[in-house]
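Pasting in a structure now, in structure tokens, and then I'll have a few things to ask.
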Amino acid sequence: MGIARLADVIKEEAAEAVSSFPLRQYRDRVIALDASIAIYQFRTATPKLFNRNGENISHLQGLFYRTLHLLENGIKPVFVFDGQPPDLKQPLLARRAEAAGARRDAAESRRAENLPRPLKQDCETLLSYLGVPYVQAPAEAEATCAALVKSGKVWCTATEDMDALPFGSLRLIRHLNSKNNCEVEEFSLPDILQKLGMTQEQFVDLCILLGCDYCGKIWQLGPKKALKLLQQHGTIEQVLQNIDPQKHPLPANWDLEGARRLFLQPEVADPGRITLEWRDPDPEGLVRFLAHEKHMNEARVCRRLQRWQEAQPKPEEAQPKHQAPREGRKQRKLGEFFPASKHARPPEVRGVRARPPGTRGARGMAQGIILC
DNA sequence: ACTCTGCATCAAGACGTA
DNA sequence: GTAATTGATGCAGAGT
DNA sequence: TACGTCC
């Protein structure tokens, strides 16, 4: 669940490091998202959606709508999937699993944090048809997101929890998906460090004291004291020498070094070996996959795709406005997929049967990415 | 006063229509 | 008859 | 905007 109250601390103590921008500010930006968190959100959102086979397809519908929303706003998303959670996180996961009820068998709870494979495959398939790249992280997704930002391949990490900052993501944005023109909130890591007067190492120490996923908290040491003491003494070790150990007992099995190492030298995918590529969504493939294979309502899928199509900038006005490198985004004429129907007529089987020659899109399947 | 903790509560994702 | 997740938020209370 | 529906 990230770092407890880190956002509050930053807003209070380093307000200048936080700014708000309208969504359009991020046009043509590459943004990394934690796929597992997003999917988990969709799955736990109520009410759950079941198709006629009784399969929960909340994740597909959610990912479909949300990704198109990003694409419509000119954002280039990269989804990063969690890998193996670090050992230090096991106690936390075990606690969560236990809280989730003793009903689950041990085998399932052990990998509770990982998405079930078919679920993940569904999402990868969907992303491929959407033309959106994804990355498999070896461990924590947020860590790989941060590495991608540091490498320059990605502009920022979009996430609701703050882990990406101690992992070193230079920019972090929140509320990317909020509805009514709510502004996006951007945290600048360099500004945070400067305002707090801390190095990245000290900032990581701060996050550990605030309470992270990897080790327990020190009793009676909340955000205010933690910040002040760290600014005063520099490291957790120094802080410990200046507080009363009776009043501030350490948690059992407190692996300070381990937690630090996970933040400062996390296991991440090598950005240099990752190629990010975006393609236009493949409407035909999407209808086939979502509606026919997964039994989402076909009319809805088509309507949404049509809305996306209409939101596409016309080729001629797309050119002069932005000088931004339109790398690899070939503008495909989409009219061919939707025989221009003025009034959205739902109940037809469209787009699927009508397959113009030469547009057998499904090759799009290939273009997720790759590597870890 | 200020700070931290514990407990209760509530809303959750996105669309479309009224 | 019948389930029931997670986390953000606000308020009460206790320790400093 | 508030609320009901999605499958």
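Note that the structure is a prediction, hence the values are computed from the model and not measured. Naming convention: chains lettered A, B, ... in sequence-line order (proteins, then strands); numbering from 1 in each chain.
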Quick one: label A/R43 by what it contacts on the DNA or RNA (base, sugar-phosphate, nothing), any heavy atom closer than 4.0 Å.
->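 Since no nucleic acid heavy atom lies under 4.0 Å of A/R43, the category is nothing.
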
Roughly how many Å is it from CD in A/Q41 to C1' in B/dA12, rounded to a whole number?
->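 My rounded result for the distance is 9 Å.
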
For B/dG16, does either OP1 or OP2 sit under 4.0 Å from a side-chain N or O belonging to A/R304?
->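 So the side-chain polar atoms of A/R304 never come under 4.0 Å of the phosphate oxygens OP1 or OP2 of B/dG16.
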
Before accepting this row, confirm whether a basic side-chain N of the pair A/R304/A/E72 lies closer than 4.0 Å to the acidic partner's carboxylate O.
->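 Looking at A/E72 together with A/R304, the answer is yes, because their closest N to O distance falls below 4.0 Å.
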
Give a yes or no on whether A/R261 atom CZ has more than 12 heavy-atom contacts from other residues, nucleotides or ligands under 6.0 Å away.
->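 Incorrect, the count does not exceed 12.
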
Could you go through nucleotides 2-4 of chain B and list every protein N or O atom that sits under 3.5 Å from one of its N or O atoms, giving the distance for each pair?
residue: B/dC4; atom: OP1; partner: A/G222; partner atom: N; Å: 3.0
residue: B/dC4; atom: OP1; partner: A/G222; partner atom: O; Å: 3.1
residue: B/dC4; atom: OP1; partner: A/P223; partner atom: N; Å: 3.2
residue: B/dC4; atom: OP1; partner: A/K224; partner atom: N; Å: 3.2
residue: B/dC4; atom: OP1; partner: A/K225; partner atom: N; Å: 3.3

Pick out which of A/I75, A/I31, A/L130, A/V132 makes a side chain to side chain contact (heavy atoms under 4.5 Å, CB included) with A/L70.
->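 Testing A/L70 for a side chain to side chain contact (heavy atoms under 4.5 Å, CB included) against A/I75, A/I31, A/L130, A/V132 leaves exactly one candidate, A/I75.
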
Round to a whole Å and report the spacing from NE2 of A/H59 to P of B/dA14.
->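 Between P of B/dA14 and NE2 of A/H59: 15 Å.
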
Is the shortest side-chain N/O distance from A/R66 to OP1 or OP2 of B/dG13 below 4.0 Å?
->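 No, no such contact exists.
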
In whole angstrom, give me the gap between the C1' atoms of C/dG1 and B/dA12.
->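 Looking at atom C1' only, C/dG1 and B/dA12 are 26 Å apart.
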
Would you say A/S169's side chain and A/L172's backbone share a donor-acceptor pair under 3.5 angstrom?
->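 Judged by distance alone, no pair lies under 3.5 Å.
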
So does A/R303 get a side-chain nitrogen or oxygen closer than 4.0 Å to the phosphate oxygens (OP1/OP2) of B/dG16?
->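 Affirmative; the distance criterion is met.
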
